[in-house]
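Below is one structure, written out as C-alpha cells; the observations come after it.
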Amino acid sequence: MKRYFNNFGERVIEGIITLSGTVTSITVLLIVFFLFKEGLGVFSQTPVAEGSVIAVNKQNPVKELTAHQVKEIWDQNITNWKQLGGQDAPIKLFEVDDITDYYTDEQIGAEFEYLPQRLSELVAKEPHILAFFPDEYLPKEFAGRQIKLDNVSPGSFLGGREWYPTIQPAVQLGVLPLILGTLWVSLGAILIALPLGLATSIYLAEIANPKVRNFLKPVIELLAGIPSVVYGFFGLVVVVPLIQDVFGLPVGETALAGSIILGIMALPTIISVSEDAMRTTPRAMKEASLALGANKWQTIYRVIIPYSISGISTAAILGIGRAIGETMAVLMVTGNASVIPHTFLEPVRTIPATIAAELGEAPQGGIHFQALFALGCILFLMTLAINMTVDLVSAKKKANRS
Amino acid sequence: MNSVETKDVHLYYGDFHALKGITMAMRKNQVTAFIGPSGCGKSTYLRCFNRMNDLIDGVRIEGEILIDGVDIYKSSIQVDDLRKHVGMVFQKPNPFPKSIFENVAYGLRVNGTKDRQFIEERVERSLKQAALWDEVKDKLKKSAFELSGGQQQRLCIARALAIEPSVLLMDEPTSALDPLSTAKTEELIHELKENYTIVIVTHNMQQAGRVSDYTAFFYLGELVEYAKTKTLFTNPKDQRTQNYITGRFG
C-alpha cells in the first residue's frame with residue numbers, strides 16, 4: 001500500500017513537471033505566434049490613413065500611386081501629373097476643408113448633408129484634382145475614381161527611409177532609420193563597453209589582489225541590478241548636458257548619449273562573463289608561459305586572452321544583446337528622431353524606444369499598431385540571431401576544451 | 001663544476017616551514033634527481049630555482065641560491081631573464097592552445113625575436129632535440145592538442161629547449177605518461193644532459209636510478225642524503241633513506 005502511494009506521488013510530481021514544461025513552451029510559442037501574426041498583418045494593409053479616401057477624376061490616366069508618391073505630392077515635391085506618368089498638368093490638391101473655396105455653406109448644407117454629393121461633383125468637374133477626404137463623406141455613387149494604394153511591401157517597409165506612421169493622407173512606414181538607429185547605438189555601446197569591460201576583467205582576474213577583487217566584483221555585478229529608468233535618468237541629467245557642452249551641440253540627446261548609457265549597462269555582463277572565462281585559464285598554462293620568460297603582460301595577451309577568447313566573445317555578444325533590446329534608458333537619452341544617423345552626434349530612434357513610445361497611441365488592429373508589431377518581429381529576429389551566435393560560440397568552446 | 005648551488009635555504013608558506021636549511025650543489029651537465037615522499041618539499045625546492053614560488057602569496061625564502069655563480073634572489077635580477085636561463089618542464093603536459101610550431105616558438109617570440117628564419121631553424125632544432133621532429137614535421141600548423149600525452153610532454157620539453165636555457169628543471173615530467181612515453185622521455189633526458197644541467201623531481205625511484213647521476217633524498221623539508229645515484233641506492237648512509245628506498249614508507 002505504502003509502495004503504491006510512493007509510486008502515485010512520483011507520478012503526480014512527474015505530471016506537474018511535465019505539465020508546467022508544456023504550458024511554458026506553449027506560452028512562449030503563442031507569444032511568438034501572436035507577435036508574427038500581428039506583425040505580418042501590416043503587409044496586407046494599404047498605407048492610406050485610417051478611414052480616408054484618395055480620389056481622382058475618372059479621366060485621369062494615373063491609376064496607382066505609392067505611399068511615398070502621395071507624401072511627395074502633399075510635400076509639394078511632386079506638382080505635376082507628368083511626374084506620375086499622367087498628362088502634363090499641375091496637380092490640384094484638395095482636402096475636405098477646401099470645400100468652402102468651391103461651394104457656399106448653403107450648397108454644403110448646415111449639417112454637411114450635401115457634402116458627399118458636392119465632393120462627387122467637384123472630382124468629376126476638375127480633371128487634375130487629387131482629393132483626400134474622410135470615407136464617411138464618400139457618396140454611394142461616386143463620379144470620381146478612388147485610388148487604391150498598393151499594400152505595404154516588405155521591401156518598402158525594410159528599405160523605406162521615412163517613418164511617419166500617423167501622417168495624412170498616406171502613412172510612411174520605412175523602418176530603415178529605426179533599424180540603423182538601433183544598430184548604431186548598439187555598435188557605439190559595444191565600442192565603449194568592450195575595451196573598458198575587457199580591461200576591467202583583466203584587472204580583476206589577473207592583477208587585482210584578492211581583497212580588492214572580492215570587493216569589486218560584487219559591486220560591478222550590482223550595476224546589473226539597477227533599473228534601466230535610473231540609468232536613463234542619470235543619462236538625462238549627467239551625460240546629455242555633458243555631451244551638449246563638450247561638442248557644442250544644440251541638443252545633447254544623441255546616439256552618443258545612448259551608446260554611453262548602454263555601454264555602462266552592458267559592462268557588468270561583459271566584465272562578469274569574461275572575467276569568469278579568464279579565471280578558467282589553467283594555472284599550468286600561465287606557469288608555462290612565465291617559465292619561458294614571458295612577463296605578466298605577455299602572458300595575459302599571448303596565453304590568457306587566446307585561451308579565454310570564446311568566453312570573451314560570448315561576453316561581447318551578450319553585451320550587444322543587452323544593448324539592442326534595451327528600451328527605457330535609450331528612449332530617455334537619444335532624442336528619438338527617426339532619421340538615418342550619419343554621426344554619433346545626431347539624435348536617433350531605436351526599435352524598442354519606438355515601440356514603447358508609440359504603441360499606446362496606435363489604435364489596435366490599425367496599420368500603425370501592426371507596423372509596431374512588425375518592428376517587434378525584427379527586434380526578435382535580431383536578438384534571436386545574437387542568442388544563436390552565443391550558443392554557437394559556447395558550443396565551439398566546449399568542443400575546444402574536450 | 002657547479003651549476004646550481006644553494007646555501008642554507010629556508011622557505012616558509014606563511015607559518016609553515018617547508019624547507020629547512022638546504023645546502024647542496026648540482027653539477028653542470030649532470031642529471032640530479034630529487035626523491036622523497038609527497039610533501040617533502042622537493043618540488044618546492046625545485047621551483048625556487050626559477051623563482052616560480054614568487055607566484056604564490058605568502059611565500060618567504062631565506063638563504064642564497066646561486067645559478068652559474070649569480071645570486072638569483074638579488075634585487076637586480078630580472079625574473080624573466082632568469083627564467084630564460086632556467087627552463088622548466090611541468091608535471092602534466094601543458095601546451096598552449098596554439099599550433100605546434102607556435103608552442104615551440106613562444107619563448108623566442110616573448111623574447112622579442114622577429115627573424116623568421118632564425119625562429120624556424122630554432123623550432124626545428126628544438127623539436128629534433130626533443131625527439132619529436134619526425135612525428136610532427138608535417139603538421140607543425142596543427143593544434144598542439146592533437147598530439148598524444150607523451151608527444152605533448154616532449155613538445156613542452158622542446159618548448160623549454162628553444163630558448164637555450166643552461167639549466168632544465170623537470171617536475172615529475174613522466175607522472176602523467178604511459179610507460180612507453182616515459183621510456184622515450186627518459187631516453188631524451190639522457191641525451192639532453194650533454195648540453196644541459198638537468199634537475200628532475202620524481203616519485204619513481206626506478207626512474208631516478210635509471211636517469212640520474214646524483215640523487216638527493218628529501219624528507220619533511222630536509223635534505224636527508226645527497227650522493228651519487230649508485231651509492232645512494234646501494235649503500236645509503238641514513239636509516240630514513242634506507243627505509244624509503246626499500247619501500248618501508250613513502
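- Scanning both residues, A:A291 and B:M88, for their nearest heavy atoms gives CB-CB, 4.1 Å.
- Residues A:L292 and B:K84 share a closest heavy-atom pair of O-CG, 4.0 Å.
- Both the backbone and the side chain of B:R109 come within less than 4.5 Å of a heavy atom in chain A.
- To the nearest 0.5 Å, the span separating CZ on A:R283 from CD1 on B:I56 amounts to 5.5 Å.
- Considering NZ of A:K296 and CG of B:L55, their distance stands at 8.5 Å, rounded to 0.5 Å.
- With a 4.5 angstrom heavy-atom cutoff, B:P165 does not touch chain A via any of its atoms.
- No more than 12 heavy-atom neighbours from other residues, nucleotides or ligands sit within 6.0 angstrom of CZ on A:F215.
- Atom CZ of A:F233 has 12 or fewer heavy atoms from other residues, nucleotides or ligands within 6.0 Å.
- Contacts of B:V79 with chain A are absent, with no heavy-atom separation under 4.5 Å from either backbone or side chain.
- Within a 6.0 Å sphere centred on NZ of B:K139, other residues, nucleotides and ligands contribute more than 12 heavy atoms.
- Taking both residues in full, the closest heavy atoms of A:P306 and B:K98 are given as CG-NZ, 4.4 Å, listed atom of the first, atom of the second, then distance.
- Residues B:F90 and A:A288 share a closest heavy-atom pair of CE1-CA, 3.7 Å.
- For the pair A:M285 and B:P95, the tightest heavy-atom approach, listed with the atom from each and the gap, is SD-O, 3.1 Å.
- Looking at B:F96, both its backbone and its side chain come within 4.5 Å of chain A, counting heavy atoms on both sides.
- Here B:R83 contributes atom CZ and A:N295 contributes atom CG; the two are 10.0 Å apart, rounded to the nearest 0.5 Å.
- Heavy-atom minimum distance, B:V110 versus A:Q298: O-NE2, 2.8 Å.
- For chain A, no part of B:K92 is nearby; none of its heavy atoms comes within less than 4.5 Å.
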